[in-house]
Amino acid sequence: MKVFARLLALLVLFLAAVPGHAAAPASPALPSPTPGRLSVYFLDVGQGDAALIVSPTGKTVLIDGGPPEAGTRLAARLRELVKGPLDLVILTHPHLDHLGGLRAAVKAVGAKRFMDPGFDHPSEAYRDLLDFVGREVGQVMSPEPNPNSPQTLLTVGLGEGVALTILWPRVPQEPFLANTRSDPNANSIVTKLTYGKTAFLFTGDSEPPTEEVLLQKPVDLTATVLKVAHHGGKHSSTAAFLERVKPQAAVISCGVGNDYGHPSPEVLGRLNDVRARAFRTDQDGEVMAVSDGTTVTLRSTKGSAGATSLSGTQQAGSPVALGPIEPTPLGRSSRSTAKEPEPGASRTRKPVEPTTPTGTSEVTGERYVSLKGSKVFHRENCKTLKRSKNERTVYSSRADALRERRPAEDCHP
């Protein structure tokens, strides 16, 4: 058997050296943006999120940048797809698997504007990113609605009728969601991209409280393509939300063999219930969607079934907001009453310093643990740690863990 394997390897090398017999690439790159079409790339950044929008007129928007380890690959891909600086970079929320590659992305191609929710977070990586974009990006902002028209949604025009509308958050018209399972996730920037009869919904890592708020508003949530929230985690993409969105295709950005079991069987089942065609970056690689305003065609680097074409169902030219956007009544969702940053203050805004909540190590002596290769830390008694045999790093205090990792979302250390 060993002799046969060696002979086979030699034959492959011989054929590769013979003209006309070069080895085929494992994952051929998807084509460059088509002029006059809307192109959306759901980039393969492992266990994280990154999507690039290229409008028919060449306007570019990058939504999230994946984890730090994806930075080099993301930068190289952007150089292939983007000519000149990005018109807008959006960080949906301050978690490492969404912000980690943004510095490399901006260094690679530049950026004119940077937007994030303005939600303070005690992450050193987030503070460093804000310092970096404050120096390197021309304009840094939060998605505040127009103060002269607070009942309307903030919309960014990308030319040729393409619009990117910010659905959430709506500070200061509405305070950030608070006391949720994960406040940074719940306050992710949620946007809807529209072009003719086609639409894309980008949800960051938004969770059920976010979905509940959106469902209460007179907003058209339907989308041809849904970027599934939280990498397909079970705590997002509720049945009620998916029924309103009615996605024909759903893209899940997650890493191969990730520690979280993303995407969850529950979410895959709910997507199947609404008959959405699921694409997964862990299985399909990078996914590209091209819209001509009437249909959306999707293909992926590893897709074996060829292109998938979907007909848009939006009423062309109709607004996303179906009526005045009033603040959500108090009591339906938990809300923060803290004073929010002033509009446009993102350039100098500094996240709050790490604090010592009741129940953390500084009070109880509890220790915190991170698994080898992971970007998060857990409570010492977390079930995730009990299931894993990986090497681990132990921190004697929460503050020490925060300097190197972000809190896990299963045990909320």
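Looking only at atom types and distance, the side chain of E211 has a donor-acceptor partner in the side chain of T238 under 3.5 Å away. Side-chain N/O atoms of D292 and Y195 include no donor and acceptor closer than 3.5 Å. Residues N185 and H95 bring a donor and an acceptor atom of their side chains to less than 3.5 Å of each other. Between the side chains of S188 and D205, no donor-acceptor pair is found at a separation under 3.5 Å. Donor-acceptor pairing under 3.5 Å is recorded for the side chains of T328 and K217.
A donor-acceptor pair is defined here as one N or O able to donate and one able to accept, closer than 3.5 Å; no such pair exists between the side chain of T295 and the backbone of L310. A donor-acceptor pair is defined here as one N or O able to donate and one able to accept, closer than 3.5 Å; no such pair exists between the side chain of E286 and the backbone of S300. A donor-acceptor distance shorter than 3.5 angstrom exists from the side chain of R270 to the backbone of K234, with no hydrogens or angles considered. Within the 3.5 Å criterion, the main-chain N or O of D87 finds a donor-acceptor partner in the side chain of T60. Counting only distance, with no hydrogens or angles, the side chain of T203 and the backbone of S206 share no donor-acceptor pair below 3.5 Å. In this structure, N258 contributes its side chain and G255 its backbone to a donor-acceptor pair below 3.5 Å. A distance-only check finds no donor-acceptor pair linking the side chain of R103 to the backbone of P68 [under 3.5 Å]. Using a distance-only test at 3.5 Å, with no hydrogens or angles considered, no donor-acceptor pair links the side chain of T301 to the main chain of A29. Between the T210 side chain and the E207 main chain, a donor and an acceptor come within less than 3.5 Å of each other. In terms of modelled atom types and a separation under 3.5 Å, the side chain of T191 and the main chain of T165 share no donor-acceptor contact.
Separation of atoms CG (D64) and CD1 (I90) is listed at 8.5 Å; rounding is to 0.5 Å. Between the CZ atom in F279 and the CG atom in L298 there is a gap of 4.5 Å [rounded to 0.5 Å]. Atoms CD1 and CE, on I63 and M115 in that order, are 10.0 Å from each other to the nearest 0.5 Å. Between the OH atom in Y260 and the CD atom in Q47 there is a gap of 6.5 Å [rounded to 0.5 Å]. Rounding to the nearest 0.5 Å places OG of S32 at 5.5 Å from OH of Y41. Here the CG atom belonging to L226 is positioned 6.5 Å from the CG atom belonging to L242, to the nearest 0.5 angstrom.
Between T155 and I166, every side-chain heavy-atom pair lies at or beyond the 4.5 Å cut-off. Annotation: side chain of L167 is in contact with side chain of L221 (closest heavy-atom distance under 4.5 Å). A heavy-atom distance below 4.5 Å is not found between the side chains of T194 and V162. Within the 4.5 Å cutoff, the side chain of R77 has heavy atoms near those of the L30 side chain. No side-chain heavy atom of L322 sits less than 4.5 Å from a side-chain heavy atom of V219. At a threshold of 4.5 Å between non-hydrogen side-chain atoms, the residues R299 and T308 do not count as touching. Under the 4.5 Å side-chain criterion, counting only non-hydrogen atoms from C-beta, P263 is in contact with R280. Considering only heavy atoms from C-beta on, S309 stays 4.5 Å or farther from V296 through its side chain.
Of the charged side-chain nitrogens involved, none lies within less than 4.0 Å of a carboxylate oxygen, so that D284 and K302 do not count as a salt-bridged pair. With respect to K227 and D49, a salt bridge is recorded, a charged nitrogen being found less than 4.0 Å from a carboxylate O.
The shortest non-hydrogen separation linking P150 to P145 is O-CB, 4.5 Å. Pairing each heavy atom of H231 with each of H262, the nearest pair is O-CB, 3.2 Å. Taking both residues in full, the closest heavy atoms of T57 and G159 are given as OG1-CA, 4.0 Å, listed atom of the first, atom of the second, then distance. Counting all heavy atoms, side chain and backbone alike, L96 lies closest to A125 at CD1-CB, 3.6 Å. Closest approach of T281 to S253, counting heavy atoms only: OG1-CA, 3.4 Å. The nearest pair of heavy atoms linking V228 to A250 is CG2-CB, 3.6 Å.
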Exercise. Verify side-chain contact (heavy atoms from CB on, under 4.5 Å) between I53 and L193, making sure each step is shown before the conclusion.
Key: CA-CA 9 Å; I53 299 167; L193 177 69; 3.9 Å; yes
Exercise. Would you check, one step at a time, whether the test side-chain hydrogen bond (donor to acceptor under 3.5 Å, both in side chains) holds for Y126 with D116?
Key: CA-CA 11 Å; Y126 179 49; D116 81 333; 2.4 Å; yes
Exercise. Might you work through the ring pair (Phe, Tyr, Trp, His ring centres under 6.0 Å) test for H98 and H93, ending with a clear yes or no?
Key: CA-CA 7 Å; H98 291 248; H93 64 291; 4.2 Å; yes
Self-check item: Steps toward side-chain contact (heavy atoms from CB on, under 4.5 Å) verdict (F42, L52)
Solution: CA-CA 7 Å; F42 299 92; L52 174 68; over 6 Å; no
Self-check item: Stepwise side-chain contact (heavy atoms from CB on, under 4.5 Å) check, L271 with I252
Solution: CA-CA 11 Å; L271 290 172; I252 302 170; 4.0 Å; yes
Quiz item: Between V213 and W168, is a side-chain contact (heavy atoms from CB on, under 4.5 Å) present by the stated rule, with each step listed?
Solution: CA-CA 9 Å; V213 167; W168 183 259; 3.8 Å; yes
Quiz item: Is there a side-chain hydrogen bond (donor to acceptor under 3.5 Å, both in side chains) between T180 and D183 once you walk through the steps?
Solution: CA-CA 5 Å; T180 68; D183 288 353; 2.6 Å; yes
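In this structure, R135 fails the cation-pi test against F132, since its NZ or CZ atom is not both closer than 6.0 Å to the six-membered ring centre and inside 45 degrees of the ring normal.
The environment of Q315 atom CD is sparse: at most 12 non-hydrogen atoms of other residues, nucleotides or ligands sit within 6.0 angstrom.
With respect to Q314, the side-chain contact (heavy atoms from CB on, under 4.5 Å) criterion is satisfied by exactly one of D220, V320, T198: D220.
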